[in-house]
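The first residue of the sequence shown is numbered 1, and numbering continues consecutively from there. Scope of the values below: all heavy atoms of this structure, side chains included, with no hydrogens, waters or symmetry mates. This structure is a prediction, so every number in the text was calculated from the model and none was measured.
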Amino acid sequence: MARHLDRPTPVEALARLRAGNARFASGAGHPGAVPRGGAHRGPFAVVVGCIDARVPVETVFGQRAGAICVVRSAGHVLDRAVLGSVEFAVTDLQVSLVVVLGHDDCRAVAAAREAVRTGRRPAGARQYLIDQIVPAVPAGGSLDRATRSHTVRTVATLRQAGHLQEALAARRLDVAGAIYRLESGHVEML
């Protein structure tokens with residue numbers, strides 16, 4: 001498989017993120033800021049994550065600013081803007097890896113779980129978010145199980161996205177799911 005624009009393969013990109021998370025979780029520090037001038041080689045991955053401020057994506061993965069694109073929405077819900085941003089990162093920026101990053105104690109997933117339990121949905125635009133998460137929430141399941149299920153479902157949806165199909169078929173791209181553990185700092189790949 002040929003490399004495009006000297007980007008890492010999907011396997012190499014995942015290895016970078018895993019190594020960076022191991023550094024972060026062990027307290028080894030962060031690699032630094034955005035390089036100036038021509039030294040910047042561009043992003044190699046895009047992470048679709050939650051808006052939760054407790055999950056600083058570049059830091060969690062031990063990457064310098066600019067190494068990964070980050071697209072956020074509550075509960076990492078996919079809508080046209082999020083999906084379009086992922087497609088842009090893949091087609092125009094040639095990233096080789098998309099990671100859907102859920103996290104424990106996600107309040108958006110908890111709200112969807114509560115909606116399943118009570119049958120009541122919130123009003124306003126929050127209802128859209130909850131309605132997008134609810135199909136992944138198992139009745140009576142734990143918050144962790146609901147988060148895992150929603151993350152896996154989001155990965156499956158991205159794998160079916162039309163504008164990602166060519167890169168996936170050519171193995172220039174992979175889509176993976178992960179859960180960030182707030183207390184330990186570890187990212188658990190699904």
Side-chain angles (χ1 to χ4, degrees), residues 1-22 24 30-35 38-52 55-103 106 108-109 128-129 132-133 135-136 147-180 187-190:
M1 153 181 35
R3 290 187 184 204
H4 189 75
L5 299 175
D6 196 32
R7 295 285 194 253
T9 67
V11 171
E12 291 166 341
L14 184 57
R16 283 186 192 182
L17 293 181
R18 287 182 136 174
N21 178 249
F24 168 74
H30 193 271
V34 177
H40 187 275
R41 292 177 28 161
F44 65 88
V46 59
V47 175
V48 178
C50 184
I51 62 170
D52 196 310
V55 188
V57 176
E58 290 94 337
T59 303
V60 163
F61 281 114
Q63 301 299 312
R64 63 174 169 68
I68 55 179
C69 297
V70 180
V71 184
R72 291 179 177 253
S73 64
H76 63 264
V77 166
L78 295 179
D79 63 11
R80 287 184 66 173
V82 171
L83 186 54
S85 297
V86 171
E87 288 176 0
F88 183 84
V90 170
T91 59
D92 290 35
L93 303 177
Q94 301 298 316
V95 301
S96 55
L97 180 66
V98 177
V99 175
V100 177
L101 183 63
H103 65 90
C106 180
V109 175
Y128 172 80
L129 295 168
Q132 298 306 302
I133 299 170
T147 300
R148 284 174 175 275
S149 177
H150 177 53
T151 302
V152 167
R153 183 173 179 268
T154 305
V155 167
T157 300
L158 284 168
R159 285 185 172 279
Q160 298 302 312
H163 287 89
L164 304 183
Q165 292 301 303
E166 182 182 330
L168 284 163
R171 295 187 173 182
R172 287 191 323 263
L173 176 71
D174 196 9
V175 181
I179 304 290
Y180 175 64
V187 172
E188 172 189 333
M189 298 308 297
L190 301 179

Pairwise distance [atom1]([X]) to [atom2]([Y]) - rounded to 0.5 angstrom:
{"X": "Phe44", "Y": "Thr9", "atom1": "CZ", "atom2": "OG1", "result": "11.0 Å"}
{"X": "Thr157", "Y": "Leu164", "atom1": "OG1", "atom2": "CG", "result": "11.5 Å"}
{"X": "Ser149", "Y": "Ile133", "atom1": "OG", "atom2": "CD1", "result": "11.0 Å"}
{"X": "His76", "Y": "Ile51", "atom1": "NE2", "atom2": "CD1", "result": "12.5 Å"}
{"X": "Leu101", "Y": "Thr151", "atom1": "CG", "atom2": "OG1", "result": "8.0 Å"}
{"X": "Cys69", "Y": "Phe88", "atom1": "SG", "atom2": "CZ", "result": "8.5 Å"}

Worksheet entry | Sequence neighbours excluded, every pair satisfying salt bridge (charged side-chain N to carboxylate O under 4.0 Å, His left out) that has a member inside residues 68-90 |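 Sorted result for residues 68-90: empty, none.
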What closest approach, in Å, do [X] and [Y] show between heavy atoms, and which atom pair accounts for it?
{"X": "Phe61", "Y": "Val99", "answer": "CZ-CG1, 4.4 Å"}
{"X": "Leu173", "Y": "Val95", "answer": "CD1-O, 3.9 Å"}
{"X": "Val187", "Y": "Ala178", "answer": "CG1-CB, 3.5 Å"}
{"X": "Gly42", "Y": "Arg64", "answer": "O-NH2, 4.0 Å"}

Within the distance-only criterion (no hydrogens, no angle test), does the side chain of [X] pair as donor or acceptor with the backbone N or O of [Y] below 3.5 angstrom?
{"X": "Asp174", "Y": "Pro10", "answer": "no"}
{"X": "Glu166", "Y": "His163", "answer": "no"}
{"X": "His150", "Y": "Gly75", "answer": "yes"}
{"X": "Arg7", "Y": "Leu93", "answer": "yes"}

Fill in: Sole candidate of Val60, Val71, Val57 that passes side-chain contact (heavy atoms from CB on, under 4.5 Å) when paired with Val47
Val57
[X]: side-chain contact (heavy atoms from CB on, under 4.5 Å) partners, not counting sequence neighbours:
{"X": "Val155", "value": "Val100, Arg159, Val175"}
{"X": "Ala45", "value": "Leu17, Ile68, Leu97"}
{"X": "Leu129", "value": "Ala74, Val77"}
{"X": "Pro135", "value": "Arg153"}

Discussion item. Which residues pass the salt bridge (charged side-chain N to carboxylate O under 4.0 Å, His left out) test with Arg148, not counting sequence neighbours?
Written reply: Asp144, Glu188
